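Notes follow the structure.
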Amino acid sequence: MNTPVKVRFAPSPTGYLHIGGVRTALFNWLFARHHGGRFVLRIEDTDLSRSTEESIHEIIEALKWLGLDWDEGPYRQMERQDLYHQKARQLLDEGKAYRCYCTPEELEAKRQAALEKKQNPKYDGTCRYRKDVPEGTPGVVRFKAPLEGTVTVHDLLRGKVSFDVRELDDIILQRSDGTPTYNFVVVVDDADMGITHVIRGDDHLSNTPKQALLYQALGYPLPEFAHISMILGADKTRLSKRHGATSTLAYRDMGYLPDALINYLVRLGWSLGDQEIFRREEMIRNFSINSVTLSAAVFNPEKLIWINEQYIQTTPPIELAKHLAPILVKEGILPENHGLSADEIAKPIPLLNQRAKTLVEMAGKARFYFKKEVEFDEAARKKFLNHESQPLLTQLAAQIETLDELTSENLETSFKEIVEAAGVKLGKLAQPVRVALTGKTESPGIYDTILLLGKETTLARLNQAAVGINSSE
RNA sequence: GACCCCAUAGUCUAGCCUGGUCAGGACACAAGAUUUUCAUUCUUGUAGCGCGGGUUCAAAUCCCGCUGGGGUCGCCA
């Protein structure tokens, strides 16, 4: 590709960044990276009443967490108003736009009337040829759309899509407060920023002919368009709060890895043979926008969990530790000022990465390692720390005491000797030991657990448990 | 309602362009194996081309219609 590509992700800061938005960002990002082009972040904050600074921060934090880095921006449209005013002025001067003084109430009444007569609720053109200038209001600026003809949009994924301009409307370009509207700024900005490919959700497909007309009126060349399908909830309706967490950062807090979320999202619409797991470089190298599926995809949390599990299993512990640390703090397992290095946090991970689907789950299973005191599950204590197991625990403590260095081999030998002498099964010893060391009936392999805790802690917990049995009766 | 988009198992998808392979893979689900707990892992299984026409020796694949789903129709983006 010899013309450098330039794409953008243009969220509106009217709420958190949701999963669907992330996928749009991801496809743009992959397209830019694949082609060695540029990826622009542009904040569409022209709706003064709904845009918030918190949303902007959330969007940026989410993109950073996901590693979707941008080359330009974030631009803010409210800082570019001079440009929009100038362009609106230009259209007005050229007779390609006009001022409309109809009030929102009047427009709403017209809409309702049209709907009742089963007509299309488009603007009736009252102000289109109006000569007088009412006082007290600047009115809005409307686009003077052609009255007839066909607009054909070329979509990279769908081919040619045609619209009859009679279905279109004299859309508002500038509100009465002087701020520009979406369909106008998106055209001005995409053209001004030299965007070569507009990759966005297919909820914008119907807007495209209106925008195409604006490109024409403003004398701009048309970019390429690619409208990707949307993500739906399990009930096949648009993904929303009703479908559980849709906030991207919520997935971070639930213990998902950014790479896992990215991997899940890229497979919604894009594939490469039978491959399910992709490293970023593989995605970038193989990504192709025109092989993206056209149909909407249902968000499937189970598949996401499975992918997350795969990433937890294969991510190097030291790396995983960086993501686990904040969750350990959040879950109250480590104090905020724990001062532990990634190396120290990573210690129990090799034992846990085959048995956790999320980092939150892993944090819970790492509790026994990071907490000084064992937190007992009462039912487990009652069942396994009793007079039947006590002599076995005492024997094991004595055995371990004699070992200079603990290895899984000599631990296994010690366990076997004790259970054989007592004529019981291994579980009769392993389970009580497990409870004594971790407080629970579930844990990594018992020899691994002992090795992880070390001789000193193991003996302390074993003895504490044995003593506890005595004093309880 | 009008316009636009879409259609392979419960879900994500390969195959469609350039008709002819038992329609391939994955998640989930079920059964079994392994096992000191919990998991992991392995094996096997259940399940699909929305419907109706047409073209053709032959249609998941090409054409038309229907149905179904989604989207848009704001001084929201």
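Scope of the values below: all heavy atoms of this structure, side chains included, with no hydrogens, waters or symmetry mates. Nothing here was measured: the structure is a model prediction, and the numbers come from that model. All chains are named by letter (A, B, ...) in the order of the sequence lines, taking the proteins before the strands, and each is independently numbered beginning at 1.
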Could you tell me whether [X] contacts a base, only the sugar-phosphate backbone, or nothing, with contacts defined as non-hydrogen atoms closer than 4.0 Å?
X        : answer
A:Asp164 : nothing
A:Thr14  : nothing
A:Gln174 : nothing

Take atom [atom1] in [N] and the same atom in [M], then report the distance between them in whole Å.
N     : M     : atom1 : answer
B:C49 : B:C12 : C1'   : 16 Å
B:U46 : B:C64 : C1'   : 36 Å
B:C16 : B:A60 : C1'   : 7 Å
B:A23 : B:G15 : C1'   : 7 Å
B:G20 : B:U61 : C1'   : 11 Å
B:C3  : B:A59 : P     : 34 Å
B:G10 : B:C17 : P     : 26 Å
B:C27 : B:C4  : P     : 40 Å

Check this for me: does the side-chain of A:Glu108 come within 3.5 Å of the base of B:G74 through a donor and an acceptor?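 Flag unset: no donor-acceptor pair detected.
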
Can you measure [X] atom [atom1] to [N] atom [atom2] for me and round it to whole angstrom units?
X        : N     : atom1 : atom2 : value
A:Phe368 : B:U37 : CZ    : P     : 17 Å
A:Tyr182 : B:C73 : OH    : C1'   : 15 Å
A:Gln431 : B:C38 : CD    : C1'   : 9 Å
A:Glu44  : B:A77 : CD    : C1'   : 7 Å
A:Gln354 : B:C38 : CD    : P     : 17 Å
A:Phe184 : B:C75 : CZ    : C1'   : 14 Å
A:Trp306 : B:U40 : CH2   : P     : 13 Å
A:Ile171 : B:G74 : CD1   : P     : 11 Å

Strictly by modelled atom types, are A:Tyr84 and A:Thr179 linked by a side-chain donor-acceptor pair under 3.5 Å?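 Judged by distance alone, the side chains do not pair up.
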
Going by the angle between their ring planes, with limits at 30° and 60°, are A:Phe299 and A:Tyr264 parallel, tilted or perpendicular?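 A:Phe299 vs A:Tyr264 ring planes: perpendicular.
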
Can you classify the ring geometry of A:Phe278 versus A:Trp270 as parallel (below 30°), tilted (30 to 60°) or perpendicular (above 60°)?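 Correct class here is tilted.
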
Of all the nucleotides listed ([options]), which has the minimum atom distance to the side chain of [X]?
X        : options             : result
A:Gln313 : B:U40, B:U37, B:A26 : B:U40
A:Leu426 : B:U36, B:C4, B:A26  : B:U36
A:Asp203 : B:U72, B:U36, B:U41 : B:U72
A:Thr237 : B:U72, B:C27, B:G70 : B:G70
A:Arg267 : B:C12, B:C75, B:C6  : B:C12
A:Pro121 : B:A77, B:C73, B:A2  : B:C73

Does [X] place a side-chain N or O at less than 4.0 Å from the phosphate oxygens OP1/OP2 of [N]?
X        : N     : result
A:Ser229 : B:C5  : no
A:Lys236 : B:U11 : yes
A:Arg238 : B:G70 : no
A:Lys357 : B:U40 : yes
A:Ser443 : B:U36 : no
A:Arg355 : B:U35 : no

Return the pairing partner of [N] with a 3.5 Å limit on both distances, Watson-Crick or G-U wobble; otherwise return none.
N     : value
B:C22 : none
B:A58 : none
B:C16 : none
B:U35 : none
B:C73 : B:G1
B:G45 : B:C29

Here's a test of your reading of the structure: between A:Val140 and A:Ile446, which maps to the more 5' nucleotide of RNA chain B?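 Looking at RNA chain B, the more 5' nearest nucleotide goes with A:Ile446.
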
Closest nucleotide of RNA chain B for A:Lys365 versus for A:Ser206: which of these residues is on the 5' side?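 Per heavy-atom nearest nucleotide, the more 5' residue is A:Lys365.
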
Using a strict 4.0 Å threshold on nitrogen-to-oxygen distance, state whether A:Asp189 and A:Arg8 make a salt bridge.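 So A:Asp189 does not pair with A:Arg8 through a salt bridge.
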
Indicate yes or no: does A:Lys210 engage A:Asp169 in a salt bridge with an N to O separation below 4.0 Å.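 A:Asp169 and A:Lys210: not salt-bridged.
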
How long is the span from the CD atom in A:Gln431 to the CG atom in A:Leu385, to the nearest 0.5 Å?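 It comes to 10.5 Å.
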
Quick one: pull up CD in A:Glu224 and NE2 in A:His197 and give me the separation to the nearest 0.5 Å.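 Interatomic distance, A:Glu224 CD to A:His197 NE2, rounded to 0.5 Å: 5.5 Å.
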
Could you tell me if the ring centre of A:Phe31 sits under 6.0 Å from that of A:Phe39?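 Not under 6.0 Å, so no.
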
